[in-house]
Amino acid sequence: LLLLLRTRKRRDDEPPLINGWIPFIGKALQFGKDAHKFLEEYKRKYGDVFTVHIAGKYMTFIMDPLLYPSVIRQGRQLDFHEFTGKVAPLTFGYKPVHSDLWDKIMRSFQLLQGDNLQPLTESMMGNLLLVFRQDHLDHGLWGTRSMCDFCSSVMFEATFLTMFGRPATGQRHSGMEALREDFNKFDNMFPLLIAQVPIWLLGKTSAIRKKLIHQFLPKHLSRFSNTSQFIKMRAGLFEQESLKDTDIGAHHFAMLWASVGNTLPATFWATYYLVSHPEALQAVRQEILDVLRDDGVEFSTDNDVNLSKEQLDKLIYLESSINESLRLSSASTNIRVAQEDFSLRLDASRAISVRKGDIIALYPQSMHLDPEIYEEPQTFRFDRFVQDGAVKTDFYKDGQKLRYYLMPFGSGSSMCPGRYFAVNEIKQFLSVLLLYFEMELEEGQPRPALDPSRAGLGILLPSTDVRFRFRLRPTEV
Ligand code: HEM
């Protein structure tokens, strides 16, 4: 106990240290309440680099994005997977994985990228149209829905079908809404699980997780058809390694979380910003129609639209709109654990001492909302990432071009392997929505605030949902 209560003293060459007055907890409560505000305040007081005692861990925040490359390229002494290797098994309920299997799991991520993206993209398009056709494209009357719930229900099901496959008979799984409800209940507890709060302290969460894992037991999954190569390969791997069925189910469930946990709120924000900026929506819709027309397709709401991976790549205003909404809603922390005591060189004139076991953290939300990098940072500008008809990549701080300026998907060794698939599927969802539907927000609703409860973990949810009206467009374009 004495060890836990003892706070540490700053040594020479270490950054300023903020301990907080509550032993062990340190500054965890203030950080959890509003991480962005908390870090901005300490940046003003202590400068660009400081260490904060948060729930028993010492986290050194590097706040200046010009210094990010010095952390991201430090592969040997700063490890990402030490953190996920410990936290993910506790969160999703599988046994810790030995390093050989871990390497194979890492290699499986290649099946989300490169040429493998083609079949995934095709399958996603088919599944999106299936869900839209059966649930939403059947009449031309105005309907009203809560936008986040609407985006989440369509994307959850279409992503599930694309990753895990269709049922043995029929095209759609029964019980998808109940599955999503359980998923949401688990997701609400996700920040506490990641903070390593024991699951038995979290009410029904353990029972809900068990139910979710059950859906992915090999006896169920092996009967699905059209399962992605990615999930098939992982299923084969787990079988080869003779993992217990419940561990296999938990690994698949973890992948469900990874594939929709951030994608659903990201899809909501992109939809919300386009619907609340009709001029942007019109420009993006026109871009989609033009790309189709260039390939000889005249769009009509009577037919299924198909957008190939190449066509999606050409939609730079749509991509810019998605990136802009990611910039405004992302709050992930990039974490590296120091493998030894060492001196971390930050730039030509500065190095800091780091102790083994300490965490080095980047918090890109501060960069995303920096007015020096992004003029009027709180304003949605759909074309912020386009310049002279091409993708814009030059953003500056202190007159220097930034190597990293947009980081919703993490960085370096911890970069999200599903990022290309994620952006593609959001593009596909928005293309279908913009092409087929007229949409408007119901009057009198302010822009929803970001719900800070997942700060540090990815894309934030809105604190309230938004009501919108939509109907199928009349046949003419
Ligand atoms: C990891 C963001 C969609 C699969 C990550 C990380 C971030 C991230 C920030 C790194 C976590 C960290 O540094 O601690 C996002 C966002 C998404 C998205 C913003 C959507 C907009 C997806 C999708 C998939 C996926 C669709 C899979 C189909 C993964 C996996 C990891 C990961 C497997 C862990 C990688 C590892 O352990 O090295 N994601 N992600 N993500 N993401 Fe995504």
Side-chain angles (χ1 to χ4, degrees), residues 59 68 71-72 75 78-89 91-92 97 101-113 116-117 120-121 123-124 151-152 155-156 158-164 190-191 194 227-231 233-234 251-271 319 322-337 359-365 368 404 406-430 454-461:
M59 294 181 75
Y68 283 7
V71 175
I72 293 168
L78 290 178
D79 183 52
F80 164 67
H81 288 113
E82 180 181 324
F83 177 73
T84 44
K86 274 190 199 139
V87 176
T91 303
F92 296 107
V97 169
L101 175 57
W102 190 257
D103 289 345
K104 288 180 187 160
I105 289 177
M106 290 292 132
R107 281 203 289 279
S108 75
F109 295 152
Q110 287 165 6
L111 290 175
L112 293 170
Q113 300 176 5
N116 300 300
L117 212 51
L120 273 178
T121 305
S123 167
M124 183 69 192
C151 297
S152 299
M155 282 298 265
F156 184 88
T159 308
F160 184 99
L161 290 166
T162 304
M163 300 275 287
F164 297 99
F190 185 76
I194 287 285
T227 305
S228 65
Q229 284 306 320
F230 172 61
I231 293 295
M233 193 251 199
R234 290 166 60 90
H251 275 282
H252 289 312
F253 164 55
M255 203 40 64
L256 173 72
W257 191 89
S259 63
V260 294
N262 285 306
T263 312
L264 304 188
T267 305
F268 160 75
W269 285 112
T271 308
E319 185 155 322
I322 294 170
N323 281 338
E324 177 69 341
S325 48
L326 290 171
R327 180 184 71 77
L328 285 163
S329 60
S330 149
S332 60
T333 325
N334 290 214
I335 279 180
R336 302 287 187 274
V337 183
I359 291 175
I360 304 287
L362 310 179
Y363 199 73
Q365 190 184 23
H368 294 158
Y404 300 96
L406 185 67
M407 293 169 57
F409 294 108
S411 56
S413 59
S414 69
M415 193 129 182
C416 170
R419 60 195 180 279
Y420 304 109
F421 176 57
V423 171
N424 266 3
E425 58 174 345
I426 300 173
K427 278 184 175 174
Q428 289 172 312
F429 173 88
L430 286 169
R454 284 157 59 127
L457 300 174
I459 306 297
L460 303 184
L461 285 155

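Counting starts at 1 for both ligands and their atoms, following the listed order.
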Check: Can you list the steps and then say if Leu112 with Asn116 is a side chain to side chain contact (heavy atoms under 4.5 Å, CB included)?
Finding: CA-CA 6 Å; Leu112 293 170; Asn116 300 300; over 6 Å; no

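Closest protein heavy atom to atom 14 (O) of ligand 1: Phe80 CE1, 3.2 Å. Distance from atom 13 (O) of ligand 1 to its nearest protein heavy atom, with residue and atom name: Ser414 OG, 3.3 Å. Here the protein heavy atom with the shortest distance to atom 38 (O) of ligand 1 is His81 NE2, 2.9 Å. Among protein heavy atoms, atom 9 (C) of ligand 1 sits closest to Pro408 O, 3.4 Å.
The aromatic rings of Trp257 and Phe190 lie parallel to each other, their planes meeting at an angle below 30°, with 60° marking the opposite boundary. Using cut-offs of 30° and 60° on the angle between ring planes, the pair Phe156 and Phe160 is parallel. Ring geometry for Phe109 versus Phe230: interplanar angle of 30 to 60°, hence tilted.
Using modelled atom types, no side-chain atom of Arg234 and backbone atom of Ile231 make a donor-acceptor pair closer than 3.5 Å. Here the side chain of Gln113 pairs a donor or acceptor atom with the backbone of Pro417 at under 3.5 angstrom. Looking at Asn424, its side chain never comes within 3.5 Å of a backbone N or O of Thr121 through a donor-acceptor pair. Formation of a donor-acceptor pair under 3.5 Å by the Arg454 side chain with backbone atoms of Leu460 is not found in this model. A donor-acceptor pair under 3.5 Å links the side-chain atoms of Thr227 to the main chain of Phe164, judged by distance alone.
Between Gln428 atom CD and Thr162 atom OG1 the span is 8.0 Å, to the nearest 0.5 Å.
A heavy-atom separation below 4.0 Å is not found between Met407 and ligand 1. Taking 4.0 Å as the cut-off, Thr263 counts as a neighbour of ligand 1 on heavy-atom distance. Contact annotation: Ile335 has no heavy atom less than 4.0 Å from any atom of ligand 1. Contact analysis leaves Phe230 out of contact with ligand 1, as no non-hydrogen atom separation drops below 4.0 angstrom. Residue contact annotation: Met415 has no non-hydrogen atom under 4.0 Å from ligand 1.
Interface atoms of ligand 1 facing Glu425, defined by a heavy-atom separation under 4.0 Å, are 26 (C). For ligand 1, the atoms lying closer than 4.0 Å to a non-hydrogen atom of Met163 are 28 (C). Contact atoms of ligand 1 toward Ala266: 21 (C) (distance under 4.0 Å to a heavy atom of the residue). Counting the atoms of ligand 1 from 1 in the order shown, those under 4.0 Å from a heavy atom of Phe421 are 26 (C), 28 (C). Within ligand 1, counting atoms from 1 as listed, the ones closer than 4.0 Å to a heavy atom of Phe109 are 33 (C), 35 (C), 36 (C). Close approach to Ile459 involves these atoms of ligand 1, each under 4.0 Å from a residue heavy atom: 19 (C). Interface atoms of ligand 1 facing Met255, defined by a heavy-atom separation under 4.0 Å, are 33 (C).
For atom 43 (Fe) of ligand 1, the set of protein N/O/S atoms nearer than 2.8 Å consists of Cys416 SG, ordered by chain and number.
Considering only heavy atoms from C-beta on, Met407 comes within 4.5 Å of Ile72 through its side chain. Side-chain contact check for Gln229 versus Leu120: every heavy-atom pair is 4.5 Å or farther apart. Within the 4.5 Å cutoff, the side chain of Leu328 has no heavy atoms near those of the His368 side chain.
Of all the heavy atoms of Val423, none lies under 4.0 Å from any atom of ligand 1, so neither backbone nor side chain is involved.
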Show me, pair by pair, the donor-acceptor contacts under 3.5 angstrom made by side chains of residues 101-108, not counting sequence neighbours?
| from | atom 1 | to | atom 2 | distance (Å) |
| --- | --- | --- | --- | --- |
| Lys104 | NZ | Glu241 | OE2 | 3.3 |
| Ser108 | OG | Ile105 | O | 2.6 |

